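Report on one structure; see the data block that follows.
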Amino acid sequence: MSTHDDSYGTCLHASVARAWTVDECFGGRDFDLTKRFLPERIAGVEPIGCLGDDEKRMLNQIRGNSYCHIFAFVEEYIVPMVVDHARDDVYGDETRLWTLLRFAEEEVKHQEMLRRACDQFAAGFGSDCGLIPGREDVAGVVLGTSPLTALLLTSMIEWFTQLHYQEHVRDHAELDELFRDILRYHWIDESRHARLDTLLIDEVAAGLSPDQREQAVDELLELGGAVDGLLAQQIELDIDALQAATGRTFADFEREEIRRHQQRAYRWTFLVSGLEHPNFVAIVDQVTAGGAAKLAAAATALSA
Ligand SMILES: [Fe+2]
Ligand SMILES: [Fe+2]
């Protein structure tokens, strides 16, 4: 137990020492619409043959906007989930309690940051960009799964958030500076949250049978299937937004080409980069016998 206590304490200290505000992140800046927002690994616009360079940049920006929206969307459930875990031991370990309350507060701050990004983008982009509705319904579905399932989903998200920033954004000075900072500030907190998820996963998994743990991985992959359905909806909205922004009407074969490349990019961004993340795979491998193989099979199917 002492290791866990120390870990909560370390995270709490870092959370206080590295605290930031949404105003600091934005610094009064606006997006530079002459620049791309997302790295190509996430945006996946380059191979789309029916689009010119300006159109690829616009689709990249539309994708930047939906990236913020989908993060806010999929993280919605994390606040009530973490508050519930904090309540489990509300009169016990005060360091754990305070750390988890800050975790929840930071996620509320992320919602504010990501919503502000979408609002600022909507005000500046010049044409409408549709965003999938139903965030509270999705949060309800996630919170209706087993506590281990919801924690595994959180862990996967927190690991891929870090990977996106560290490996694909941090060194890419050609991307819009404000957009990079939004991802940087998010990463600062998520690098800590990922450690906290591991502590909570250990706590919850300790009380479960091997079968229950395996079921949590199965349930996680079912949630992944539901996320894939949401991504498909967002792709159609993105293509509509690109039509509005460019004044073009895409022929069916062009729409299909954009859809095919975007499906691959979206799936890598929100599913495969998490399912394949070595730290996440190691966590699943530690609590289940067959989980890592299931993750690998799902990642392969989504990459086809
Ligand atoms: Fe977050
Ligand atoms: Fe987080």
Side-chain angles (χ1 to χ4, degrees), residues 7-8 10-26 37-38 42 64-86 96-119 131 135-136 138-139 142-143 145 147-166 168-170 178-204 220 223 227 230 269-271 273-274 277 279-280 283:
S7 298
Y8 277 120
T10 307
C11 285
L12 176 59
H13 182 264
S15 166
V16 173
R18 300 196 68 186
W20 52 270
T21 67
V22 177
D23 283 340
E24 281 167 10
C25 169
F26 277 74
F37 290 5
L38 287 170
I42 293 175
N65 182 49
S66 68
Y67 184 88
C68 290
H69 176 70
I70 290 172
F71 257 105
F73 200 104
V74 297
E75 287 194 347
E76 178 92 18
Y77 74 92
I78 298 178
V79 176
M81 181 197 75
V82 173
V83 168
D84 281 348
H85 285 293
R96 178 184 181 277
L97 175 66
W98 191 8
T99 311
L100 293 180
L101 291 177
R102 284 193 69 94
F103 182 168
E105 188 204 339
E106 284 158 0
E107 292 296 358
V108 176
K109 184 176 63 179
H110 299 169
Q111 301 276 323
E112 161 70 13
M113 175 183 72
L114 296 164
R115 264 196 286 268
R116 192 189 293 190
C118 290
D119 289 348
L131 296 167
R135 68 207 301 169
E136 286 171 22
V138 171
V142 177
L143 293 170
T145 63
L148 183 57
T149 306
L151 279 169
L152 289 173
L153 180 66
T154 311
S155 175
M156 188 179 96
I157 293 170
E158 323 248 53
W159 283 113
F160 75 57
T161 306
Q162 294 182 70
L163 179 123
H164 293 176
Y165 178 71
Q166 288 177 293
H168 302 285
V169 174
R170 182 161 56 191
L178 171 57
F179 199 86
R180 284 172 77 214
D181 272 345
I182 290 168
L183 270 52
R184 180 165 68 88
Y185 277 81
H186 199 201
W187 162 73
I188 289 170
D189 289 350
E190 298 302 339
S191 57
R192 241 180 359 260
H193 294 178
R195 279 148 60 196
L196 292 171
D197 295 332
T198 307
L199 299 181
L200 290 172
I201 286 169
D202 286 350
E203 290 175 12
V204 169
L220 171 74
L223 286 178
V227 169
L230 294 171
T269 303
F270 290 103
L271 293 165
S273 68
H277 195 294
N279 294 354
F280 180 62
I283 288 163

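Whatever order the structure lists them in is the order used to number ligands and atoms, beginning at 1. These values consider heavy atoms only, across backbone and side chains, with no hydrogens, waters or symmetry-generated copies. These figures come from a predicted structure and were not determined experimentally.
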Apply ring-ring contact (aromatic ring centres under 6.0 Å, His included) to F280 and list each qualifying residue two or more places apart in sequence or on a separate chain. none
If you draw a sphere of radius 2.8 Å around the Fe ion (ligand 1), how many protein N/O/S atoms end up strictly inside it? 6
Decide whether W20 and D189 meet the rule of one side-chain donor and one side-chain acceptor closer than 3.5 Å. yes
Salt bridge (charged side-chain N to carboxylate O under 4.0 Å, His left out) with E112: which residues, sequence neighbours excluded? R116
Starting at CG of N65, measure out to CD1 of I70 and round the result to the nearest 0.5 Å. 10.0 Å
Check whether any side-chain N or O of R184 sits under 3.5 Å from a backbone N or O of Y165 as a donor-acceptor pair, and report yes or no. no
For residues 76-86, please give each side-chain donor-acceptor pair under 3.5 Å, one per line with the distance, not counting sequence neighbours.
{"unit_1": "E76", "atom_1": "OE1", "unit_2": "R135", "atom_2": "NE", "d": "3.1"}
{"unit_1": "Y77", "atom_1": "OH", "unit_2": "T154", "atom_2": "N", "d": "3.2"}
{"unit_1": "Y77", "atom_1": "OH", "unit_2": "T154", "atom_2": "OG1", "d": "2.9"}

